[in-house]
Amino acid sequence: MKLRLTAFLILAMSFNLTAQSPEELFKKANDFYRQKSYDKSIELYNEIINSGYESPALYYNLGNAYFKSGKIGYAILYYEKGLKLEPGDEDILYNLRIARARTVDKVEEVPRIFLVEWWDALVASLSLDGWAVIVISVYLIFMASLGGYFLSRKINIQKLSFFTASFVLPVLIILSIILYTRYNREESVRYGVMVESVYSVKAAPDENSNDAFVVHEGLKMELIDKVGDWLKIKLPDGKVGWVESNAVGQI
């Protein structure tokens with residue numbers, strides 16, 4: 001699995017200037033990876049993340065390091081984190097498919113209506129920031145068209161502006177709905193990945209409760225509730241149970 005060698009996008013606002021810069025740590029972590037010192041590279045990648053930085057390249061490389069270390073659950077977790085920032089990244093998608101092929105659990109999703117599945121795929125095709133940029137761009141085009149219609153004294157420009165605005169308005173409405181849906185999912189829907197090799201999911205948030213079913217590392221699940229140190233999870237096939245929060249990495 002290849003590394004991302006280019007400098008990664010910095011999304012945090014501050015960093016301790018007395019320490020090594022994120023770029024230096026990133027380069028050093030990549031060097032350790034090439035030397036097959038995966039534990040050392042993982043330590044440095046995580047140090048960057050703990051300092052408040054994130055990027056698709058950083059998560060991609062960390063996922064690769066975990067994969068090489070045989071920790072499939074953590075590899076999938078960080079590939080998923082990378083896709084959350086850049087949903088269409090082909091390298092991450094490819095490596096994620098390889099990692100998922102190594103998992104034990106092959107859970108089939110509950111069948112959904114085609115239109116619902118298509119809509120979900122459309123909403124997830126871009127990040128929240130990606131959809132926001134598109135909506136703002138289309139909004140500016142719409143406002144420029146209105147300006148051309150009301151301010152221009154030329155009939156041809158008024159006609160062109162009117163038809164442009166008439167076309168752009170419904171597109172803007174649809175894109176705004178997609179943006180709102182994406183924002184709502186970011187705020188209300190949480191997912192996690194099992195990082196324990198084998199785990200017995202409980203029927204209640206209590207270690208003495210009955211075992212509901214068993215899951216293995218790398219399985220992605222929806223996080224639907226939290227009670228103390230316990231998370232209520234829902235699998236793609238609809239099964240529900242409780243796990244300790246330290247057994248799941250949150251995407």
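This one's a predicted model, so the numbers in the text were calculated from it and none came from an experiment.
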Q. L85 versus Y59: any side-chain heavy-atom pair under 4.5 Å?
A. yes
(Q) Distance check, rounded to the nearest 0.5 Å: F67 atom CZ versus R102 atom CZ? (A) 4.0 Å
Q) So, for Y38 and F32, is the gap between ring centers shorter than 6.0 Å? A) no
Q: Working to the nearest 0.5 Å, report the span between CD1 of I141 and CG of L172.
A: 10.0 Å
Q.
In the structure I gave you, are the side-chain heavy atoms of L140 and M143 within less than 4.5 Å of one another anywhere?
A. no
Q. Hey, mind stepping through N61 and F26 against side chain to side chain contact (heavy atoms under 4.5 Å, CB included) and telling me if it holds?
A. CA-CA 9 Å; N61 285 6; F26 189 67; 3.5 Å; yes
Q | Closest approach of A132 to L179 (non-hydrogen atoms, all atoms of both residues) | A | N-CD1, 3.7 Å
Q | For S69 against D39, the heavy-atom pair lying closest together | A | OG-OD1, 4.0 Å
Q. Does any N or O in the side chain of D237 come within less than 3.5 Å of the main-chain N or O of K239, such that one atom is a donor and the other an acceptor?
A. yes
Q) Given the rule that I, L, V, M, F, W and Y join up when any side-chain heavy atoms are under 4.5 Å apart, are M194 and Y66 in one cluster? A) no
(Q) Check this for me, if you would: do E24 and K28 make a salt bridge, where the nitrogen-to-carboxylate-oxygen distance has to be below 4.0 angstrom? (A) no
Q) Any side-chain heavy-atom pair from Y78 and N46 closer than 4.5 angstrom? A) yes
Q: Apply side chain to side chain contact (heavy atoms under 4.5 Å, CB included) to the pair D31 and K27, showing each step before the final yes or no.
A: CA-CA 6 Å; D31 290 339; K27 182 178 181 300; 3.5 Å; yes
Q) Should we say atom CZ of F213 is surrounded by more than 12 heavy atoms from elsewhere, each under 6.0 Å from it? A) yes
Q | Verdict with reasoning, L62 to I49, per side chain to side chain contact (heavy atoms under 4.5 Å, CB included) | A | CA-CA 10 Å; L62 180 53; I49 293 170; 3.5 Å; yes
Q.
Can you confirm whether the side chains of D89 and Y94 place a donor and an acceptor under 3.5 Å from each other?
A. no
(Q) Just verifying a value: how many Å separate I92 CD1 and R97 CZ, rounded to the nearest 0.5 Å? (A) 12.0 Å
Q. In terms of hydrophobic clustering (I, L, V, M, F, W, Y; side-chain heavy atoms under 4.5 Å; direct or indirect links), are V195 and L223 co-clustered?
A. no
Q. Which of parallel (below 30°), tilted (30 to 60°) and perpendicular (above 60°) describes Y149 and F162?
A. tilted
Q) Any link between Y180 and V138 through a network of hydrophobic side chains (Ile, Leu, Val, Met, Phe, Trp, Tyr) touching at under 4.5 Å? A) no
**Q.** Within 6.0 angstrom of Q35 CD, more than 12 heavy atoms from elsewhere
**A.** yes
Q) Within a strict 4.5 Å, meaning less than it, do heavy atoms of the L235 and V215 side chains meet? A) yes
Q: First locate atom CD1 of I157, then atom OG of S161, and finally report the distance between them rounded to the nearest 0.5 Å.
A: 7.0 Å
Q: Decide yes or no on side chain to side chain contact (heavy atoms under 4.5 Å, CB included) for L231 and D225, but give the supporting numbers first.
A: CA-CA 6 Å; L231 294 170; D225 198 4; over 6 Å; no
Q) Quick one: does K81's side chain have a donor or acceptor within less than 3.5 Å of a partner on Q250's backbone? A) yes
(Q) Are the side chains of V227 and W242 in contact, using a 4.5 Å heavy-atom criterion? (A) yes
Q) Is there a donor-acceptor pair under 3.5 Å between the side chain of W131 and the backbone N or O of V123? A) yes
Q | Atom of P87, atom of S125 and distance for their closest heavy-atom approach | A | CB-O, 3.5 Å
Q: Find the distance between CD1 (I113) and CH2 (W119) and round it off to the nearest 0.5 Å.
A: 15.0 Å
Q: Mind listing the closest non-hydrogen atom pair of S41 and A65 along with its distance?
A: OG-CB, 3.6 Å
Q) What is the minimum heavy-atom distance between E217 and T103, and which atoms define it? A) O-CG2, 3.8 Å
Q: Please answer: with hydrophobic residues joined when any side-chain heavy atoms are less than 4.5 Å apart, are Y79 and L126 in the same cluster?
A: no
(Q) Working to the nearest 0.5 angstrom, can you tell me the gap between N95 CG and E90 CD? (A) 12.0 Å
Q. Is the shortest heavy-atom distance from the side chain of E80 to the side chain of I76 under 4.5 Å?
A. yes
Q: Determine whether more than 12 heavy atoms belonging to other residues, nucleotides or ligands lie under 6.0 Å from atom CG of D229.
A: no
Q: For residues P236 and K220, report the shortest heavy-atom separation together with the two atoms involved.
A: CD-O, 3.7 Å
Q) Can you hop from L93 to V193 via hydrophobic side chains spaced under 4.5 Å? A) yes
**Q.** Sidechain-backbone polar pair: S152 side chain, K154 backbone, donor-acceptor under 3.5 Å
**A.** yes
Q: Any pair with a residue in residues 196-205 that passes side-chain hydrogen bond (donor to acceptor under 3.5 Å, both in side chains), sequence neighbours left out, goes on the list, sorted by first then second residue, please.
A: Y199-E244, K202-D211
